[in-house]
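First the proteins, then the strands, lettered A, B, ... as listed; each starts at 1.
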Amino acid sequence: MRKMTMRRAFTVSFLRSNPLLLSHSSGNSAVVALDNHYYFNSSSSSSCCVFTSTFHVYAISHFSTNPNPTHARLKQLLLEKSKSGFDKLDDALAVFDKMLHRKPLLPVISFNQLLAALVKMKEHSVAVSLFKDMCVKGIPVDLFTFNTAINCFCHLNRVDYAFSLLAGTIKRGFHPDVVTYTTLIRGLISQDNPAEAQLLFTNLIRFKLIQPNVVTYTTIINGLCKRGHISTAVMLFRYMEKKGCKPNTVTYSTLIDCLCKLRLVDQALGLLHEMTKKGITPNVITYSSLIQGLCDFNRWQDVNQLLSEMNTRNISPDVYTFNILVDAYGKEGMINDVEDVIEFMNQRGQHPDVVTYNALMDGYCLRGAVDKALAVLETTMKKRGIVPNIRTYNILINGYCKKLKVDRAVDLFQQLPREGLSPTIHTYTTILQGYFLTGRHVEARKFFKEKMMLNKALTLDNFTCSILLHGLCQNRFVVEALSFFDTMLSAGLIPNICIYSTLIDGLSKNGHLEKARSLFDNLPLKGLRPDVKTYTMMIQAYCHDGLLNDANELFLKMEANGCLPNDVTYNTLIRGFFHNKKYNEAGVLMDEMCARGFSADASTASALLDLLKSQEQNPALLALRKKFLT
DNA sequence: TTAGGGTTAG
């Protein structure tokens with residue numbers, strides 16, 4: 001409650017007293033099922049084949065400008081649209097059509113600007129079609145045109161075509177430049193091919209093809225960050241400086257964001273300090289990343305401090321910044337603050353978007369107010385013309401499943417095609433979990449086999465598999481679970497520690513302790529380290545079967561292996577001692593648990609009270625009650 | 001006129 005007061009003070013009064021802050025407006029494996037067995041279908045579908053399509057028909061234009069603009073007007077229009085994009089795709093196509101029939105032909109720069117406008121609109125596929133059309137019709141092109149087309153192919157995840165076009169560029173007598181190669185490096189990284197990206201970068205330097213610039217380095221640093229190689233990213237960051245290439249705001253922001261996402265927010269703040277000391281100005285992106293990093297730790301005063309700093313520097317928070325705040329408050333259950341921020345955004349012309357409303361709806365759902373969340377979709381969003389996306393529906397579906405209203409969730413799921421939305425793996429997994437949560441395992445298994453396994457567009461991941469394995473084990477379908485586990489392995493899915501923990505738990509609870517123990521013992525062979533949950537589950541399994549020595553030994557071993565027991569681990573072993581009448585050992589462990597700042601949970605307390613009921617005079621139990629239940 | 005950074009889900 002105290003936190004709530006502090007937070008509300010922050011949101012309302014802080015933002016209102018800083019008007020400057022708001023000064024501007026505005027796997028491809030599919031699976032098939034037969035009987036109770038699960039089979040992966042290894043065929044994968046490649047979806048994108050943009051370059052082979054020819055652009056034939058231009059949609060009827062709704063373009064409302066002069067139907068016959070002068071050359072100068074057209075050039076001016078293209079210059080403007082290359083920066084902002086056209087409002088409608090049809091408008092861009094109509095302009096292209098006009099340009100094709102212009103005599104004399106407009107300069108190549110105008111065509112390049114049209115392609116740039118399409119890129120701004122994220123219409124990469126259309127840009128590629130127009131580029132092809134230009135080539136076919138003999139419209140002059142230059143290196144800018146090729147670079148843009150190469151970039152479009154990279155955005156369409158067709159780096160292979162991008163490289164073909166690189167060959168085409170050279171064949172046409174152009175010399176690919178640093179932009180060409182930086183684009184290709186980004187394409188390789190985004191297609192999860194960092195080795196090729198590194199090779200290209202090394203060769204470019206070795207053969208002196210280009211001198212990498214700040215964008216090249218930043219692109220690679222970002223790629224490294226996104227793949228979790230932060231230390232290599234930092235090394236490259238220092239290396240570029242050594243090579244005389246000065247990092248800029250984007251470079252620093254990239255690293256700062258990465259550090260924040262790794263929860264190293266103080267190091268990120270250190271970089272903010274470093275950049276400002278060097279005279280490199282942070283911008284709204286830099287601050288938004290840091291604000292998010294601080295929100296993750298509930299460091300509200302520091303968030304306040306940064307917002308104040310932004311105000312001093314005349315940097316206005318944008319929709320991203322506000323969405324970060326809305327999401328953070330929503331996750332903390334501070335729904336009043338969420339509503340305040342949204343109202344504030346509206347007042348200041350920073351219009352909430354689908355991300356804002358999704359965060360609001362998620363906040364409602366976390367408090368169990370799913371109907372209120374649905375009202376946001378059906379009234380506010382509709383009224384404001386904000387189109388819901390699949391996440392909007394996933395939030396509602398999840399909300400209903402958590403409230404055990406699975407039928408309502410399925411209704412929404414069935415509504416998706418009418419809304420023009422395709423369910424994602426999140427949608428399916430939520431419903432699967434909903435069925436298991438409500439004990440409807442027959443429907444859960446049917447849903448998985450019929451809707452998920454047969455769906456070639458769906459790539460199952462470890463999270464989904466763990467939900468299925470847990471549900472199967474919980475309902476005593478151990479053989480089916482093991483069969484599915486084998487299927488996962490043969491399909492090439494590499495199980496993570498969660499999968500093994502789920503199986504170890506499921507097996508031991510279904511009387512297969514030895515199988516569970518074998519899986520546990522073989523984890524190092526799989527290159528996996530048990531985490532605190534895995535250890536705790538195995539300890540629980542031993543306790544359940546009365547193997548107190550094994551449980552205690554493992555308890556001691558986990559800490560020796562660098563894995564600290566948590567409150568669940570302590571309570572599990574303590575209850576194990578209770579059930580095996582080892583009251584003194586339980587007492588010693590309870591002392592240790594309290595010394596570490598943990599306490600007996602409800603289940604442990606209840607177990608102790610039950611024991612006291614039947615053994616009222618047991619001195620060891622009386623001592624425990626005196627010590628821990630007063 | 002072309003290349004790089006930030007927000008929401010199971």
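As judged by a 4.0 angstrom heavy-atom cut-off over every strand, A:Ser288 is placed among the base-contacting residues. Using a 4.0 Å heavy-atom cutoff across all strands shown, A:Thr464 reaches at least one base atom of the nucleic acid. A:Lys75 comes within 4.0 angstrom of nothing in the nucleic acid, heavy atoms only. Across all strands shown, A:Ile425 has heavy atoms under 4.0 Å from base atoms, whether or not it also approaches the sugar-phosphate. Base contact: A:Asn394 has a heavy atom under 4.0 Å from a base atom. Counting any heavy atom pair closer than 4.0 Å across all strands shown, A:Thr249 reaches a base atom. Contact annotation for A:Thr183: backbone-only contact, meaning every heavy-atom pair under 4.0 Å involves sugar-phosphate atoms and none involves a base. Looking at heavy-atom distances under 4.0 Å, A:Thr286 makes contact with a base. Residue A:Thr219 is classed as a sugar-phosphate contact, given heavy-atom separations below 4.0 Å to backbone atoms only. Within 4.0 Å (heavy atoms only), A:Ser110 reaches no atom of the nucleic acid at all. Nucleic acid contact class of A:Val284 (heavy atoms, under 4.0 Å, all strands): base. Note on A:Thr218: a base of the nucleic acid sits closer than 4.0 angstrom, heavy atoms only. Within the 4.0 angstrom heavy-atom criterion, base atoms lie near A:Ile109. At the heavy-atom level, A:Arg391 lies under 4.0 Å from base atoms of the strands shown.
Other residues, nucleotides and ligands contribute at most 12 non-hydrogen atoms within 6.0 Å of the NZ atom of A:Lys382.
The six-membered or imidazole ring of A:Phe163 lies away from that of A:Phe153, with a centre-to-centre distance of 6.0 Å or more. A:Phe448 and A:Phe484 have their aromatic ring centers within a separation under 6.0 angstrom.
Applying side-chain hydrogen bond (donor to acceptor under 3.5 Å, both in side chains) to A:Thr182 and the options A:Thr219, A:Thr216, A:Asn213, A:Asp177 leaves one that passes, A:Thr216. For the ring pair (Phe, Tyr, Trp, His ring centres under 6.0 Å) with A:Phe131, the lone residue among A:Phe96, A:Tyr161, A:Phe111, A:Phe146 that qualifies is A:Phe146.
Applying the ring pair (Phe, Tyr, Trp, His ring centres under 6.0 Å) test to residues at least two apart or on different chains, the pairs with a partner in residues 212-236 of chain A are A:Phe201-A:Tyr217.
Protein chain A contacts DNA chain B over a range whose 5' and 3' limits, counting nucleotides with an atom under 4.0 angstrom from a non-hydrogen atom, are B:dT1 to B:dG10.
Applying the side chain to side chain contact (heavy atoms under 4.5 Å, CB included) rule to A:Ile499 yields the partners A:Asn462, A:Cys465, A:Ser466, A:Leu469, A:Phe485, A:Met488, A:Pro495, A:Asn496; only residues at least two apart in sequence or on another chain are considered.
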